[in-house]
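In what follows, a structure is listed as structure tokens, so that the remarks can point back to it.
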Amino acid sequence: MAGRESALYDETLLPLDGPEPGRRYAQVIVDVPAKQTNRPFDYIVPPELEAWVGVGSRVGVPFGPRTLQGFVVGLSESTGMDPRKLKPIEQVLDLVPPLNPELVDLARWMSRTYVCHEITALQAMIPGALKAKYEKYVAVAEEADGHSAPPPEGQALLLAGSPEEDEITAFVRQKGTVPMDAMLRRFPAAGPLLKRMLERGVLVEVQTVKDRLNAKKVLYVEPAADPRTLTEESGKLAAGAKRQKELLLHFAAHPSPVPLAELTDKLNVGAGTVKALADKGWLTIREREVFRDPYAGRSFARTEPLPLTEQQRGAFAAISDALGAERHDVFLLHGVTGSGKTEVYLQSIQQCLDQGREAIVLVPEISLTPQMVERFKSRFGDAVAVMHSRLSQGERYDEWRKIGLKRVSVVIGARSAVFAPFTKLGLIIIDEEHESSYKQEESPKYHAREVAVQRAARHGAVVVLGSATPSLESFARTSGRGAPYRLLTMADRVEGRPLPAVRIVDLREELKAGNRSMFSRGLYKAIEERLHKKEQTVLLLNRRGYSTFVMCRSCGYVVQCPHCDISLTYHQVSRTMRCHYCGLTQPEPKTCPSCDSEHIRFFGTGTQRVEEELGKLFPGIRVIRMDVDTTSEKGAHERLLTKFRNKQGDVLLGTQMVAKGLDFPDVTLVGVIAADTVLHLPDFRAAEKTFQLLTQVAGRAGRHRLPGEVFIQTYTPDHYSIEHASRHDYGAFIATELDSRRQRGYPPYCELVLVTFSHEQVAMVVRAAESFATRLKEKWQRMRTEFDSVSGAGAEDRYFEVYGPVASPIPRIKDRYRFQCMVKYRGDVDVSGMLTETAAAFDETVRQEKLHISIDVNPQVLM
DNA sequence: AGCACGCCGACT
DNA sequence: GTCGGCGTGCTC
């Protein structure tokens, strides 16, 4: 156990800036996400806490009848309130404030931009372990106050309670304070009685804010006397106490603290021996906080910067220049797969660190593989903290603390790492910037790319957005007058390796030729060849499960989820039908649930079915399947990839998670089973996503010595996204797609906001959605008249339109009906403000009728 | 979000 | 005449 912890947490914690003026009152955002509480409340900072309270501190404050968690967003010498009415802050929850003034300000920007409560934005910035948790205790009244509670007038006699009541009082008095749930466990039938006792004031309820988790503590042993005394004492020990003597001499020679576990391991002494010496007063056993280090015990061979190619040098020079000048610049680094973007990142980070500033690297969750982490750890060593969802809550918390304690200066992580509480930020890198996982789908529905640019601007820091297939939004920002981003291009793979040859297979032709299998003849032969040559294959199918839907061929009935308007997917392994939206699982039907016919059939192909088919076609083939179902366990993702890397698998078959960033030397074949799955989704980005997916997965082949080959199977071989992907022609794709977006009026030619309404009753949701749309349009009409009267510049570029409401593409999820409105706008329009105000009118309906309104600014998914 | 305060129906 | 429905408003 002891080996898992590394760096000791024995920072000497000093109070913030010491007593200074302007800390008398604190403005606090409390943990109540509601419109009416979405503003700071003033509190007195008690003198004894003054030194520990800063902007960004997490505090416990009394709010109405209870105690809540809150964040300090301001400190001041005066207050607009009557100071006598203010309550004091009860507790400061962290020794080091988890946020800082810049992040607090960023949270305000987020709440305005993404239309969410400020507390929601603040909560998103801290690790889950610090989310508020409240505990209710009961205590006997006079003990809680420290003085006797006055008996209510004329009821003194009644207060001499029933026997049950006396029993309860005695129990609580003996324990001091008792958690409410423990009370109910001890006295299961006493609920109403407890309530009465609380009402009468015999008992009082105390609520406190608790951390969900505490720093990990380990027992350490240290000497309690100076070495000379220890040596002397060791001589006085009984002759038989050899172990004790050894121990004392050890500490006489090495007086530094040692983990108890290490002591018992290495010096081969029992814990009892240590305890005995502690009891005698020569040693002290103390709890100390340690970091849980998920990468402890692994060594990373130090790497040196590699020589750069000419293209890499060009890109690095531009970044380096901006870094040197501490100028806020955003670069879009467009580098084909295998062009060596990572090395450019690494050297840019190095320069940033040399300048004494800090760097954040964002990567999509899925490509945060050990391989990736290793590249950074081996260049920057202990200066790197890693944050991703596969870490335990505790591990995550500890990585986070390293940032606040200035133990690290580089953070590599998924989306939320953009909030790493650095104070001297110099560089933010977003790898695979086109990835949709940078958008958070829950409130606050922020995009890490937008937040990164915002943060960097505040720090005068550089942003590097890297991708082989940049998003249209980012690309569009690199051209034209006053373009906010600068484009850096790396068009060739390192060492002149060629991009793999891509073949498009028309599945309609296969069918005509009588091939009804899911593998075209070409792909079949190619796989067979790889098995022969002992080379490896990656197969992509963007659909998990076994089949996508189950239909009765007699009556046409399709098995659907009873709670969502979506067909259920059949999972072969568990022989169950599952809803991919609400998680419902039910047994497979033997006969048609509607007409009882036995002609029930599975349609559509999922990864499980491909796996089965591969086994039939190539007996003995070793398939590693990677999808949500096989990677849900902690570490499973990593394990499967390692297995493939060690060549314990011939084929890596998976959903889009096999397309991203993987780099295996022996992969020479990539097959896309069905390229059209994404293309026909009801999403204006369908073509873009298809192009990106195909380009990315094709990039997995032939990255090393052996040349690669790619097969793309499709029913629409002429579609431009497929054609251009096959020729690795980003420029041509972008031109066509931009044109199409302009014609259809979609980003980057306008901005979008998706407003989704959901409720258990259709009538309610329709009414709310329509009324919302009407109000929003009216608001725009009023604003436009104002604009016209001022006739300011840019008026002609201003555009605003509300579309819908219409039923959502999935009209019902978890028994709630869903309708949506789409706002399209362009130019200087405060749409977020308009939406905030419009939504405010529905506040009561939201509260009372359980209507949900979701506002998604720049949505990535239109479902 | 909780919780108290406050104004109109069916009951001892 | 009261007990209680949940509409409205407040929490530093």
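Keep in mind that what you see is a predicted model, and the values were worked out from it rather than measured. Below, chains carry the letters A, B, ... as their sequence lines are ordered, and counting in each starts from 1.
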In whole Å, what is the span from the CG atom of A:Asn38 to the C1' atom of C:dT11?
-> 14 Å

With a 4.0 Å cut-off on heavy atoms, is A:Phe63 in touch with a base, just the backbone sugar-phosphate, or nothing at all?
-> base

Inspect the contact between A:Glu77 and A:Arg24 and indicate whether a charged nitrogen and a carboxylate oxygen are less than 4.0 angstrom apart.
-> yes

Between C:dC12 (P) and A:Phe71 (CZ): distance, integer Å | 19 Å

Charged N-O contact under 4.0 Å between A:Asp94 and A:Arg58 = yes

NA contact type, A:Arg39, heavy-atom cut-off 4.0 Å: base, sugar-phosphate, or nothing?
-> base

Nucleic acid contacts - residues 25-36 of chain A versus DNA chain B, non-hydrogen atoms under 4.0 Å | A:Val32, A:Pro33, A:Ala34, A:Gln36

Can you tell me how far C1' of C:dC10 sits from CE of A:Met81, to the nearest Å?
-> 11 Å

Tell me, which pairs form a salt bridge (charged side-chain N to carboxylate O under 4.0 Å, His left out) where one or both residues lie in residues 103-123 of chain A, sequence neighbours left out?
-> A:Asp105-A:Arg458, A:Arg108-A:Glu118

Phosphate OP1/OP2 of C:dC12: any A:Lys85 side-chain N/O under 4.0 Å | no

Flag the pair A:Arg455 and A:Glu102 as a salt bridge only when some basic side-chain nitrogen lies within less than 4.0 angstrom of an acidic carboxylate oxygen.
-> yes

Any salt bridge between A:Lys402 and A:Glu399, counting N to O under 4.0 Å?
-> yes

When you look at CD of A:Glu760, are more than 12 heavy atoms from neighbouring residues, nucleotides or ligands closer to it than 6.0 Å?
-> no

Answer yes or no: are there more than 12 heavy-atom neighbours, outside A:Lys439 itself, under 6.0 Å from its atom NZ?
-> yes

Could you state the NZ-P distance from A:Lys87 to C:dC10, rounded to the nearest angstrom?
-> 16 Å

Just call it for A:Thr79: base, sugar-phosphate, or nothing, with non-hydrogen atoms closer than 4.0 Å on any strand.
-> nothing

Between A:Tyr114 and A:Trp109, is a ring-ring contact (aromatic ring centres under 6.0 Å, His included) present by the stated rule, with each step listed?
-> CA-CA 8 Å; A:Tyr114 298 110; A:Trp109 172 84; 5.8 Å; yes

What are the bounds, 5' to 3', of the part of DNA chain B that sits under 4.0 Å from heavy atoms of chain A?
-> B:dA1 to B:dC3

Rounded to the nearest angstrom, tell me the gap between atom CG in A:Leu86 and atom P in C:dT11.
-> 11 Å

In whole angstrom, give the distance that lies between atom CZ of A:Phe41 and atom P of C:dG9.
-> 16 Å

When the distance from CG of A:Asp843 to P of C:dG7 is rounded to whole Å, what number comes out?
-> 16 Å

Taking NZ, NE, NH1 and NH2 as the nitrogens, is one of them in A:Lys779 or A:Glu837 under 4.0 Å from a carboxylate oxygen of the other?
-> yes

